[in-house]
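In what follows, a single structure is set out as structure tokens and then discussed.
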Amino acid sequence: MKGLSLFLGCLVPNRYPGIELATKLCLAKLDIDLEELKGASCCPAPGVFRSFDKEMWLTLASRNIVLSEQMQRDMLTICNGCFSTLADANRAIKKSEMTKQKTNKILKQIGKEVKGDIEIRHIIEYLYKEIGPEKIALHVETKLKIRVAVHYGCHLIKPTRDRDLGSFERPVFFDQLVTALGATSIEYTDKMACCGAGGGVRSSMREKSLAMTEAKLSYIREADVDCIINSCPFCHMQFDSGQEEINEHMKAQYNIPVLHYTQFLGLALGFPAQMLGIDTTIKKNRRLVEKIAADED
Amino acid sequence: MKDRTASYKAIDRISNVAADSLKCINCGVCSSSCPSGRHTSLNIRRLIKNAAKNIDILTNKELWMCTTCYNCQERCPRSIDIVDMLLDIRAISVQCGSLLPEHRKTCMMLLEHGHAVPISEGCKSKRKELGMEEHPETVHKYKEGLEEVRTLLLACGFERLVGKKNNPPGDNTL
């Protein structure tokens, strides 16, 4: 198996750098061969750019893929959107010689050529398939005995014909990665529902997008959990900033901590919250960090 | 005359990408699975069922209410690739000049920075607090990479596409 290159995308390095750092710390601790990918751009985002111009979408995605091909490494994504774009583009290139040639004709202008000889991975399916929950459990230093609402997000698992992760109706792989750290994954209504951000809806119809988020948050609150664990910085932002926006505009009072799985894993592997960018100055997250620390004592 | 040709072409293209919508049996599994439809006017069944029949779809705001969650496509008993079809119709709509103003802004970000969401000053200081480099290992740091991205965007005619004035094809239907 090839080593990995880390594809950062936009939201992780440019809004939630803690997730970037948590990913690097966790993978180093798990002894997974990971290198920086230098000079990548936006994946480009599937909901918007694939909607606008498929050729451009495929071309920019292919440039990103080439960067990892040149390192002879599979590419690791930590965002469902990046995973969707890069995995789908990579599949299109591998599947059709004509698509590949057409794309390479444009890439030639920057002296690059896509070969289609690497794989695109998502951190959740990578950890599940290549390491497994049992092995991850062996690395746990701090058992996180808390109640968790797992949010898979849409593009990690759908379209299922392309993802090889089973049915999207009641998946368990992500829950198993969470319970491996000592936490309990709580069932809640509409667990597999979308966060409301995708498809360009958050950017163009913010209120409607937040109405979807509010519905999901209301079910999560009913389930009385300590935090939401996600696998995607876009869902992360929709739940994190979204709660503030909902509280402000809909006169609600949501206060649920939100963590990307890499940050949660980082806590379990013994890294302090400050190192993982779990902003301890944010009230909702401070409460969570205090609870975990109290459980440890 | 030119507009008329464009309009004909748009109809043909919609018919092509939406051919599978003819398989629809109106069962409604798609719209009842749609998280957006609960909160917006999006009726994905109606939208897709009528996709190939009317060029007005290109200016229908419902096109942009889909979060691309794929529930409808996953559950469609007729195996219609609903979301893929919707994305293709969106692209035709954009080519006909119906890019939403907020989405145009996102495109401008990509053209300028190579990122849909470029780094903010606040995030730069967050990175420093975490002991990270101010600029991530992306085109933000490697300017020659950004030039490559711009070259490709230009080669694909993306600037021209984004700059296109709104000219709803519904106005020049025949």
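Since the structure is predicted, the reported quantities are computational estimates derived from the model, not experimental observations. Numbers restart at 1 for each chain; the letters A, B, ... are given by sequence-line order, proteins then strands.
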- Can you say whether the rings of B:Trp64 and A:Phe52 are parallel (under 30°), tilted (30 to 60°) or perpendicular (over 60°)? tilted

- Message: Is B:Glu148 close to chain A through its backbone or its side chain, or both, or neither, when contacts mean heavy atoms under 4.5 Å?
- Response: both

Option that, when pairs with chain B are counted at under 4.5 Å, heavy atom only, ranks first among [options]:
options                                : value
A:Gly198, A:Gly199, A:Pro17, A:Ser51   : A:Ser51
A:Lys112, A:Lys216, A:Arg202           : A:Lys112
A:Ala40, A:Pro46, A:Gly47              : A:Ala40
A:Cys194, A:Ser167, A:Pro159, A:Ala215 : A:Pro159
A:Glu207, A:Glu36, A:Arg63             : A:Arg63

Under 3.5 Å donor-acceptor, [X] side chain and [Y] backbone:
X        : Y        : answer
B:Lys126 : A:Arg15  : yes
A:Lys158 : B:Cys69  : yes
B:His115 : A:Ser41  : no
B:Glu74  : A:Thr160 : yes
B:Arg127 : A:Pro13  : yes

Could you check if a side-chain atom of [X] sits within less than 4.5 angstrom of a side-chain atom of [Y], using non-hydrogen atoms only?
X        : Y        : answer
A:Phe49  : B:Phe158 : yes
B:Leu153 : A:Leu60  : yes
B:Asp88  : A:Arg50  : no
B:Thr67  : A:Cys154 : no

- Task: Could you please spell out the steps behind the salt bridge (Lys or Arg N to Asp or Glu O under 4.0 Å) verdict for A:Asp190 and B:Arg38?
- Result: CA-CA 13 Å; A:Asp190 272 353; B:Arg38 296 183 201 171; 2.7 Å; yes

- Task: Could you please spell out the steps behind the side-chain hydrogen bond (donor to acceptor under 3.5 Å, both in side chains) verdict for B:Thr68 and A:His155?
- Result: CA-CA 9 Å; B:Thr68 71; A:His155 300 122; 3.3 Å; yes

- Query: What option among B:Cys66, B:Pro35, B:Pro118 has the most heavy-atom pairs under 4.5 Å with chain A?
  - Reply: B:Pro118

- Checking salt bridge (Lys or Arg N to Asp or Glu O under 4.0 Å) for the pair A:Lys54/B:Asp84: CA distance, chi angles, key distance, verdict? CA-CA 11 Å; A:Lys54 223 169 179 176; B:Asp84 299 339; over 6 Å; no

- Here the gap from B:His140 atom NE2 to A:Asn14 atom CG, rounded to the nearest 0.5 Å, amounts to 4.0 Å

- Task: State, without any angle test, whether A:Ser209 and B:His39 hold a side-chain donor-acceptor pair at a distance under 3.5 Å.
- Result: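 There is no such pair (donor and acceptor under 3.5 Å, judged by atom type) between the side chains of A:Ser209 and B:His39.
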
